[in-house]
Amino acid sequence: EKGGYDYFMLKEIAEQPKAVADTLLGRIDEAGSLTLDEVRIPASVLREVDKVVIVACGTAYHAGMIAKYAIEHWTRIPCETELASEFRYRDPIMDPRTLVIAISQSGETMDTLMALRHAREQGAKVLAICNTNGSTIPRESDAVLYTHAGPEVAVASTKAFLTQLVACYLVALYLGQVRGTKWGDEIQSVIRELSEIGTQVEQVLETMEPVRELARTLADKNTVLFLGRHVGYPVALEGALKLKELAYMHAEGFAAGELKHGPIALIEEDLPVVVVVPSPRGRSVLHDKIVSNIQEIRARGARTIVIAERGDTTVAPYADHLIEIPATPTLLQPLVATVPLQVFACELATARGNEVDQPRNLAKSVTVE
Ligand code: F6R
């Protein structure tokens with residue numbers, strides 16, 4: 001049932017182009033508009049939404065962090081993303097104009113369930129993004145947008161994450177469509193690029209051998225740091241989470257702009273630092289800033305592992321290892337940038353002799369708070 005792969009995780013990583021395509025299927029019509037009829041919250045209600053709050057845990061939380069950038073940019077509705085386990089304890093402010101999005105692969109995560117119950121008690125509308133039909137979280141929500149990743153068996157989430165991202169982009173674009181905000185050329189071209197993103201994920205998967213080789217050389221390291229900016233920041237957090245879960249290594253993700261506010265003190269000779277570089281087109285200011293971050297850490301001896309868009313010649317001189325990914329619109333980059341980090345963590349875990357599909361101390365769904 002592992003389909004010829006040694007681990008479910010490898011199989012699920014490989015299934016990502018299909019999972020992404022399946023999650024898009026039937027949701028974009030021929031004219032390039034979104035048809036999310038399954039989102040049973042009436043357009044009239046969505047037009048009145050004045051705040052979006054996303055709640056989730058772990059990997060799903062990282063998807064939610066990325067969704068915040070997309071929702072605010074495409075719809076101009078203020079959006080916050082919060083760990084489900086923290087949410088209700090701060091007495092959050094919500095009302096019937098608040099749209100809460102609860103993201104969960106399993107649909108059974110207790111922290112997320114308690115957060116959405118709290119939200120509904122305050123009168124907020126809840127939309128679930130979920131991978132498991134008929135599970136508790138969608139049953140208790142006002143509406144659900146299912147991710148079509150198929151069953152995810154490995155404890156570490158991979159294909160569910162990519163499909164959560166796709167679902168979040170769809171919701172963001174749909175809100176933009178319903179409300180007519182910035183509904184123009186940019187949105188149309190993003191929808192077009194999103195509908196083709198599976199091919200790009202496929203391209204990334206075809207070029208992973210050097211990443212595996214690199215991972216094997218790092219098996220005796222104690223620490224790996226991950227840096228990113230903008231949507232690359234949650235990608236860095238996700239890369240670090242995968243490495244903790246699977247390789248049992250000390251791994252931390254930072255917003256690259258925070259380096260000089262503390263974390264740069266951690267940089268020492270030969271420390272592996274993975275840096276996710278935004279597109280040099282798009283938000284080029286961010287790109288240039290991260291290039292100087294790479295220079296700074298390299299000057300202090302770090303071993304730089306740089307994930308950058310193919311053809312980005314500016315970073316190559318500062319990359320001890322360069323991992324190239326296809327060009328995408330800035331906001332969609334996490335769909336391709338995360339894949340090498342999944343492969344990296346999986347290979348490191350294998351090299352360290354760890355059980356990839358069943359990491360120690362972890363359960364696939366966390367049904368206690
Ligand atoms: C990470 C991982 C966990 C889950 C988290 C939420 O690889 O699997 O961090 O993402 O426990 O689970 P769901 O999405 O089922 O609510």
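Start at 1 and go down the list; that is how both ligands and their atoms are numbered. Computed from a prediction, not measured in an experiment: that's the story for all the values here.
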Applying ring-ring contact (aromatic ring centres under 6.0 Å, His included), name anything that partners Tyr318, two or more places apart in sequence or on another chain.
none
Checking Ile267, Leu271, Leu225, Leu266 against Ile297 for side chain to side chain contact (heavy atoms under 4.5 Å, CB included), the one that qualifies is Ile267
Using only atom types and a distance under 3.5 Å, with no angle test, would you say the side chain of Glu108 pairs donor to acceptor with the backbone of Ser135?
no
Enumerate donor-acceptor pairs with a distance under 3.5 Å from any side-chain N or O in residues 362-369 to protein atoms, sequence neighbours excluded.
residue: Lys364; atom: NZ; partner: Glu152; partner atom: OE1; Å: 2.7
residue: Lys364; atom: NZ; partner: Ala154; partner atom: O; Å: 2.9
residue: Lys364; atom: NZ; partner: Val155; partner atom: O; Å: 3.3
residue: Glu369; atom: OE1; partner: Arg88; partner atom: NH2; Å: 3.1
residue: Glu369; atom: OE2; partner: Arg88; partner atom: NH2; Å: 2.6
residue: Glu369; atom: OE2; partner: Tyr89; partner atom: OH; Å: 3.0

Mind checking what residues have non-hydrogen atoms under 4.0 angstrom from ligand 1?
Cys57, Gly58, Thr59, Ala60, Ser104, Gln105, Ser106, Thr109, Val155, Ala156, Ser157, Lys242, Glu245
Under the criterion side-chain hydrogen bond (donor to acceptor under 3.5 Å, both in side chains), I'd like the reasoning laid out for Thr147 against Gln164: C-alpha separation, chi angles, the key distance, then a yes or no.
CA-CA 6 Å; Thr147 50; Gln164 283 161 354; 6.0 Å; no
For Glu80, give me all partners under salt bridge (charged side-chain N to carboxylate O under 4.0 Å, His left out), at least two apart in sequence or on another chain.
Arg90
